[in-house]
Amino acid sequence: MPELPDVAAFRDVLATCAGRRRIRSVEVLDAGVLHGVSAEGLRSALEGHAFATPRRHGKWLLAPLQGDAPILLLHFGMTGELVCCNPADTPTPHDRVTFTVGHDRQVRYRDQRKLQGIWLTDDADNALAGQGPDALEISRTAFDAALADRRGSIKSALLNQAVLAGLGNLLADEILWRAHLHPARKASSLTSTERDRLYRRMGSTLRSAVRSGRVPPRTSWLTGHRDTDAARCPRCGTRLHLTRVAGRGTAWCPRCQPP
DNA sequence: GCATATGTTATGAA
DNA sequence: TTTCATAACATATG
């Protein structure tokens, strides 16, 4: 599930559910999601503190605490999510860590596959040093610079978090489809006009998806068709092609996105 | 059993 | 040096 819009929604979950409330208890149900910190280490670092305003960079959620305390870093891999519960709600099999705040709220880190997880750091800047500019924040100039020296496909550049942070497989296909660009085009082959179109489509697609809290599976979006049988382009009705680009399943319209 | 899945990363090859 | 495909991670589904 989680790409930039999903993580933006998780940030809102954390801010709304736990914002500025004291953390009464931290329960680690599965230490397999913890990285570089033990269950006891996480508990002692967080309990008694209150969450400050959370923020997002790319697919990372940064959850600082009020006062002089470490910062919680969360990544959701392919199946993670953050949900706001009542402490009395029945746990699901994939609840991995719970943060009980106040007396009636509990934020749960839930994740089926445990591909990523939770970190604790004193230096968020350093922890995210390998990340490129956020896809929602990047300027047109910086976007050009990020793509300028890429020798691979445009899709692999968009997916590379060191180049641009926040896009995943669904968003990359959606944006390329809207920009009328074939995913296997060399990034360096794009004209200035094409880069401009791509930048604008990326912005509008992301803003729309953030409003929806996810990449919406609407029928007017490519994403709403890619997993259906005999998928057709929602714009022109041509049968979509499903191939492999940059190692990922890729949906594209041969008529709207010629090579 | 096989292939697929919205993510990241180490590895060896090109 | 860069980039690619691949496998690995852990789990579910078709």
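Here the structure is a predicted model, which means the values were calculated and not measured. So you know, we letter chains A, B, ... as the sequences are listed, proteins then strands, and number each from 1.
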Among C:dA12, C:dT2, C:dA10, the one nearest A:Arg113 by side-chain distance: C:dA10
Taking atom types as modelled, is there a side-chain donor on A:Ser212 or A:Arg218 under 3.5 Å from an acceptor on the other? yes
Answer yes or no: does a side-chain N or O of A:Gln161 lie under 4.0 Å from OP1 or OP2 of B:dG7? no
Closer than 4.0 Å, any side-chain N/O of A:His94 to the OP1 or OP2 of C:dT11? no
A:Tyr109-A:Phe99 aromatic ring centre distance below 6.0 Å: no
Regarding the side chain of A:Leu115, the nearest nucleotide among B:dA5, C:dT11, C:dC9 is C:dC9
Give none if B:dA14 has no partner; otherwise give the nucleotide forming a Watson-Crick or G-U wobble pair with it, both distances under 3.5 Å. C:dT2
Give a yes-or-no answer on whether the side chains of A:Glu174 and A:Thr205 include a donor-acceptor pair shorter than 3.5 Å. no
Assess whether one donor atom and one acceptor atom, taken from the side chain of A:Arg244 and the base of C:dA5, lie less than 3.5 Å apart. no
From C:dA12, C:dA10, C:dC4, pick the nucleotide closest to the side chain of A:Ser153? C:dC4
Nearest-Å distance once atom P is located in both C:dT3 and B:dT6: 23 Å
So which heavy atom on A:His225 is nearest to which on A:Thr219, and how close? NE2-O, 2.6 Å
Look at the side chain of A:Arg226 and decide which nucleotide, out of C:dC4, B:dT6, C:dT1, has an atom nearest to it. B:dT6
